[in-house]
Amino acid sequence: MTSTPPSIIAIDGPAASGKSTVGEAVSQRLGFLYFDTGAMYRAVTQAALARGIPIADEAAVGELAATIHIDVMAPTVDDGRQYTVLIDGEDVTWALRTAVVDANVSAVSAYPAVRTALTRQQRRIAAQGRVVMVGRDIGTVVVPEAPLKIYLDASPEERAHRRWLELQQRGQDADPEAILTAMRARDAYDSTRKTAPLRAASDAIIIDTDGMSGGQVVDEVMRLAERFEG
Ligand code: CDP
């Protein structure tokens with residue numbers, strides 16, 4: 001019996017639930033494109049901050065999302081990045097990971113005009129197939145027709161600890177309590193917004209990753225992907 005993996009794997013979940021680690025590993029094993037939609041919301045946020053556009057100015061931020069050019073591509077520098085992000089040609093990859101972007105990205109991503117602009121681009125990428133797409137609304141809004149939808153979850157404490165470890169590995173000191181507080185705020189914002197809130201699709205497979213290693217989660221997603229028959 002031969003089996004082919006589903007051509008699109010949607011992975012959603014709250015902050016630091018393991019989407020990027022698992023998404024990248026699964027895409028490598030399958031030879032698929034890995035696409036992190038969070039980078040696009042972060043890019044709009046970073047562009048607004050850099051240009052002095054007030055985050056509260058919904059019309060201006062929406063206009064910005066519709067006009068800037070965001071490229072997410074294979075890493076152009078070997079410095080531990082998963083991918084390179086360009087805004088109108090400028091490399092902003094690491095600027096997307098700052099605390100100020102973390103603090104503002106949920107407000108930006110709640111704006112319907114921002115979501116419309118980015119969802120359109122994400123659908124274009126998904127339509128090419130052979131992609132593992134990660135985010136908050138991939139299974140519910142961006143590609144609800146994806147044959148395999150995964151929702152990764154973990155307790156806030158576990159997720160905050162993972163994010164803290166990530167920052168440590170990058171040589172950034174951070175206060176674990178502050179990370180937990182900021183993460184809870186972002187999750188609450190993302191889950192309660194009107195447009196495309198964070199939630200599992202009704203047909204998503206929910207994996208509670210508390211106590212699981214990254215490798216175990218990858219194996220579980222691969223097992224699910226390989227169950228698809230071609
Ligand atoms: O890596 P982490 O889970 O902390 O964040 P991310 O995936 O980079 O997403 C950053 C923010 O972008 C989220 O908190 C959401 O507000 C927003 N986002 C979204 O609204 N929809 C998506 N498909 C992806 C991200």
Side-chain angles (χ1 to χ4, degrees), residues 8-24 34-49 55 61-62 65 70 72 81-83 85 92-123 125-126 131-144 146 149-154 156 158-167 170 172 174 178-201 204 209 214 217:
I8 302 171
I9 300 179
I11 305 183
D12 291 303
S17 53
K19 302 179 302 290
S20 50
T21 314
V22 171
E24 185 182 34
Y34 165 63
F35 195 86
D36 175 5
T37 59
M40 301 184 84
Y41 290 94
R42 288 175 179 272
V44 175
T45 308
Q46 164 61 18
L49 293 167
I55 297 295
V61 175
I70 305 168
V72 184
R81 62 181 63 187
Q82 280 191 313
Y83 42 73
V85 185
V92 294
T93 311
W94 289 117
L96 304 187
R97 301 286 147 196
T98 57
V100 62
V101 170
D102 270 12
N104 288 285
V105 65
S106 288
V108 167
S109 64
Y111 293 148
V114 172
R115 304 207 70 83
T116 302
L118 300 191
T119 299
R120 187 176 301 138
Q121 298 175 42
Q122 291 158 15
R123 286 189 177 140
I125 292 155
V131 57
V132 178
M133 194 167 267
V134 313
R136 300 289 187 292
D137 61 339
I138 311 306
T140 50
V141 175
V142 179
V143 269
K149 299 173 203 172
I150 307 283
Y151 187 89
L152 293 184
D153 212 348
E158 169 99 23
R159 292 186 288 111
H161 181 65
R162 288 179 192 165
R163 186 51 45 94
W164 178 80
L165 278 178
E166 231 175 85
L167 293 171
R170 263 192 252 140
Q172 281 171 250
I179 295 177
L180 180 59
T181 306
M183 190 170 277
R184 280 187 196 277
R186 192 146 60 87
D187 287 346
Y189 212 133
D190 292 344
S191 309
T192 55
R193 68 182 177 220
K194 282 208 176 65
T195 313
L198 166 67
R199 62 177 175 79
T209 67
V217 183

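The figures that follow rest on heavy atoms only: side chains count, while hydrogens, waters and symmetry mates do not. Counting convention: from 1, in listed order, for ligands and their atoms alike.
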Enquirer: May I ask whether K19 has any heavy atom positioned less than 4.0 angstrom from an atom of ligand 1?
Expert: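 The answer is yes, since K19 has a heavy atom less than 4.0 Å from ligand 1.
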Enquirer: Need the ligand 1 atom indices (1-based, order shown) with element for anything under 4.0 Å from a heavy-atom of S109.
Expert: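 Checking each atom against S109, I get 15 (C), 16 (O), 17 (C), 20 (O).
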Enquirer: Under 4.0 Å, heavy-atom basis, I'd like to know which part of R186 is in contact with ligand 1: side chain, backbone, both or neither.
Expert: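 For R186, only side-chain atoms sit under 4.0 Å from ligand 1.
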Enquirer: Evaluate E166 against R97 for side chain to side chain contact (heavy atoms under 4.5 Å, CB included), listing each step before the verdict.
Expert: CA-CA 11 Å; E166 231 175 85; R97 301 286 147 196; 6.0 Å; no
Enquirer: State, yes or no, whether a side-chain contact exists between Y34 and S20 at a heavy-atom distance under 4.5 Å.
Expert: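 Result yes, sub-4.5 Å side-chain heavy-atom pair found.
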Enquirer: Could you check whether any side-chain heavy atom of R159 comes within less than 4.5 Å of a side-chain heavy atom of R184, counting everything from C-beta outward?
Expert: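 With C-beta onward as the side chain, the pair stays apart.
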Enquirer: Among the heavy atoms of S20, does any lie under 4.0 Å from an atom of ligand 1?
Expert: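 No, that is not the case, since the closest heavy atom of the residue is not under 4.0 Å from the ligand.
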Enquirer: Below 4.5 Å, heavy atoms only, C-beta onward: do S191 and L198 meet side chain to side chain?
Expert: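 Yes, at least one pair of side-chain atoms sits under 4.5 Å.
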Enquirer: I want to confirm something. Looking only at heavy atoms, which of V44, D187, V105, L118 is nearest to atom 11 (C) of ligand 1?
Expert: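 Comparing heavy atoms across V44, D187, V105, L118, the nearest one to atom 11 (C) of ligand 1 lies in V105.
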Enquirer: What part of R42, side chain, backbone, both or neither, has a heavy atom within less than 4.0 angstrom of ligand 1?
Expert: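 For R42, the contact with ligand 1 is made by the side chain alone.
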Enquirer: Might you work through the salt bridge (charged side-chain N to carboxylate O under 4.0 Å, His left out) test for R199 and D12, ending with a clear yes or no?
Expert: CA-CA 8 Å; R199 62 177 175 79; D12 291 303; over 6 Å; no
Enquirer: With atoms numbered from 1 as shown, which atoms in ligand 1 lie under 4.0 angstrom from a non-hydrogen atom of S106?
Expert: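 Numbered from 1, ligand 1 contributes 14 (O), 16 (O).
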Enquirer: Walk me through it: do T93 and R81 pass the test side-chain hydrogen bond (donor to acceptor under 3.5 Å, both in side chains)?
Expert: CA-CA 8 Å; T93 311; R81 62 181 63 187; 3.2 Å; yes
Enquirer: For M40, state whether at least one heavy atom is located under 4.0 Å from any atom of ligand 1.
Expert: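 M40: no contact with ligand 1 (<4.0 Å).
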Enquirer: State, yes or no, whether a side-chain contact exists between D102 and R42 at a heavy-atom distance under 4.5 Å.
Expert: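 Of all side-chain heavy-atom pairs linking R42 with D102, at least one is under 4.5 Å.
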Enquirer: Considering only non-hydrogen protein atoms, determine which one is nearest to atom 7 (O) of ligand 1 and report residue, atom name and distance to 0.1 Å.
Expert: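 Looking only at protein heavy atoms, the one closest to atom 7 (O) of ligand 1 is R136 NH1, 3.0 Å.
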Enquirer: Any side-chain heavy atom of V105 sitting closer than 4.5 Å to one from Y189?
Expert: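 Side-chain contact under 4.5 Å: no.
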Enquirer: Would you mind listing which atoms of ligand 1 come within a distance below 4.0 Å of any non-hydrogen atom of T37?
Expert: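 It comes down to these atoms of ligand 1: 22 (C), 23 (N), 24 (C).
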Enquirer: Distance to 0.1 Å, residue and atom name: give those for the protein heavy atom nearest to atom 23 (N) of ligand 1.
Expert: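 Checking every protein heavy atom, the shortest distance to atom 23 (N) of ligand 1 gives D137 OD1, 2.8 Å.
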Enquirer: Do any nitrogen or oxygen atoms of R115 come within less than 3.5 Å of a nitrogen or oxygen of ligand 1?
Expert: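 For ligand 1, there is an N or O atom that lies under 3.5 Å from one belonging to R115.
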Enquirer: Between M183 and ligand 1, find which residue part has any heavy-atom pair under 4.0 Å and reply side chain, backbone, both or neither.
Expert: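 Looking at M183 and ligand 1, no heavy atom falls under 4.0 Å.
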Enquirer: What protein heavy atom sits nearest atom 14 (O) of ligand 1, and how far off is it?
Expert: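 Nearest protein contact, heavy atoms only, for atom 14 (O) of ligand 1 is D190 OD2, 2.6 Å.
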Enquirer: Purely on distance, is any nitrogen or oxygen of R163 under 3.5 Å from one on ligand 1?
Expert: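 Yes - when backbone and side-chain N and O of R163 are compared with those of ligand 1, one distance drops under 3.5 Å.
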Enquirer: Would you mind checking if E158 and R162 are paired as a salt bridge, meaning a charged N to carboxylate O distance below 4.0 Å?
Expert: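 The answer is yes: the pair qualifies as a salt bridge.
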Enquirer: Touching ligand 1 at all, R193? Heavy atoms, strictly under 4.0 Å?
Expert: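 Yes.
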Enquirer: A side-chain contact here means heavy atoms from C-beta on lying under 4.5 Å apart; do I11 and I138 qualify?
Expert: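 I11 vs I138: side chains apart.
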